[in-house]
Amino acid sequence: MPELPEVETIRRDLAKTITGLRIESVFLRDARVVRMPPEEFVRRLEGQLILAVHRRGKALLLELDGLWFVIQLMMTGQVVYVAPGQKAAAVKETKAVFGLSKGATLLYNDQRLFGRLMVVSRLEESGYLKVIGPEPLEPGFTSEVLASQLRGRNVAIKTLLLDHKVVAGIGNIYASEILFRAGISPKRKAKRLKTREITRLHQAIKDVLREAVRMRGTSLRNYRDGRGMPGRYLRVVRVYGRDGQPCLECGEPVKRFVQAQRSTYFCSQCQK
DNA sequence: AGGTCGACCTGGCAGC
DNA sequence: TGCTGCCAGGTCGACC
């Protein structure tokens, strides 16, 4: 999915466009994206006022009156706002269409159908939100909190960064970028990191995610923001997708290998 | 309990 | 114009 920076970008876009609008109609073109009985999903949403748009980890949370519309985009989900009078550009990947008040429309597109849409009265009803770890850009996420999450964990640090129970919102692109920024090898066992390395890692998590939010996220293929536009962070990635190309710090070729069934990119000179 | 791996899906692209 | 295999911003459940 879109990772934290991409979801945060969408959240900010949607907060401006759909806050205060009412969901007047719900049309499911493929009910597989709805992770509850589809009739109940539609019944709960229709007529609801959108009070606010929040984010937790990689999940978008639309606050309704006593209910939450939880959207997990996973790998290829998109939420696209279509302004009143603008032609609703539904595409083959459009799986749900939400008719909003004042003539606006919200499209949910998802090529791979991994995304999850649900409406709950309490956020813990979502298995993801029930177990999710600390929010990395919130003040409560300190170096000590990170250290406590890593303690005793006998897994490669790259794999652990992808675990949303450890830190929320980090995905496969930013895990590689963060470790490069911190100068730490993705192969290091989490429990072996020194305190000063954890401090660097903590700073790198914040720096990389903040920079990516400023650039409105990374678009490889499917990611689009709430206005249907790609993000710009791909222009400044240091290692992700750059295998064989020279490291921007030392010139050594960037390496790719597979870790926990996901690609990892790193520089063996700069990351120890 | 913590760690590993397959499953869930569709589609783009490289190589033959 | 195939076909095959590999790759893709994620999460969960079954297994050891």
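Because the structure is a prediction, the values reported are computed rather than measured. Chain identifiers are assigned alphabetically (A, B, ...) following the order of the sequence lines, protein sequences preceding nucleic acid strands; residue numbering begins at 1 within each chain.
- Remark: A:F257 engages A:F266 in a ring pair (Phe, Tyr, Trp, His ring centres under 6.0 Å) (not counting sequence neighbours).
- Using a 4.0 Å heavy-atom cutoff across all strands shown, A:R35 reaches no nucleic acid atom at all.
- Using a 30° and 60° split on the angle between ring planes, A:H164 and A:Y128 fall in the tilted class, from 30° to 60°.
- For the P atoms, the distance from C:dC6 to B:dG6 is 14 Å, rounded to whole Å.
- For A:V155, whose side chain is taken as the heavy atoms from C-beta onward, the closest listed nucleotide among B:dC9, B:dG3, C:dG9 is B:dG3.
- Between the A:T76 side chain and the A:R112 main chain, a donor and an acceptor come within less than 3.5 Å of each other.
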Dot-bracket encoding of pairs in DNA chain B, which uses [ ] for pseudoknotted crossings and | for another strand, Watson-Crick or G-U under 3.5 angstrom: .|||||||.|||||||

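- Residue A:S263 is in sugar-phosphate contact alone, with no base atom involved, counting any heavy-atom pair closer than 4.0 Å across all strands shown.
- Listed pair A:N154 / B:dG2 fails the phosphate criterion, with no side-chain N or O lying under 4.0 Å from OP1 or OP2.
- Minimum atom distance to the side chain of A:R32 is reached by B:dT10, of the listed C:dA8, B:dT10, C:dT11.
- Side chain of A:E252 to backbone of A:C267: no donor-acceptor contact under 3.5 angstrom is found.
- Put simply, the side chain of A:R256 never gets that close to the backbone of A:Y265: no donor and acceptor are under 3.5 Å apart.
- At least one donor-acceptor pair under 3.5 Å links the side chain of A:E177 to the backbone N or O of A:R238.
- The CE atom of A:M75 sits 11 Å away from the C1' atom of B:dT10 (whole-angstrom rounding).
- Looking at A:R153 and A:D163, their side chains come closer than 4.5 Å, going by heavy atoms from C-beta outward.
- In this structure a side-chain-to-backbone donor-acceptor pair under 3.5 Å is present from A:E6 to A:E3.
- Not counting sequence neighbours, A:K87 has no partner by the side chain to side chain contact (heavy atoms under 4.5 Å, CB included) test.
- Considering only side-chain N and O atoms, A:K92 lies nowhere under 4.0 angstrom from the phosphate OP1 or OP2 of B:dT10.
- Base orientation of C:dG9: syn (glycosidic angle within 90° of 0).
- At the heavy-atom level, A:R262 lies under 4.0 Å from base atoms of the strands shown.
- Judged purely by atom type and a 3.5 angstrom limit, A:E63 has no side-chain atom pairing as donor or acceptor with the backbone of A:H54.
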Dump the pairs, protein N or O against N or O of nucleotides 12-15 of chain C, anything under 3.5 Å, distances to one decimal.
unit_1, atom_1, unit_2, atom_2, d
C:dC12, OP1, A:Y128, N, 3.4
C:dC12, OP2, A:H164, NE2, 3.2

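- Between the C1' atoms of B:dT4 and C:dG9, the separation comes to 22 Å (whole Å).
- Note on ring orientation: taking the six-membered ring where Trp is involved, the planes of A:F141 and A:H202 are tilted (angle from 30° to 60°).
- Across the interface with DNA chain B, nearest-nucleotide mapping of A:R112 and A:Q261 shows A:Q261 to be the residue nearer the 5′ end.
- The separation between A:K58 atom NZ and C:dT11 atom C1' is 9 Å, rounded to whole Å.
- For the contact set between residues 211-241 of chain A and DNA chain B, defined by any heavy atom under 4.0 Å, the members are A:R221.
- Residues meeting the side chain to side chain donor-acceptor pair (under 3.5 Å) test with A:R122, sequence neighbours left out: A:E124.
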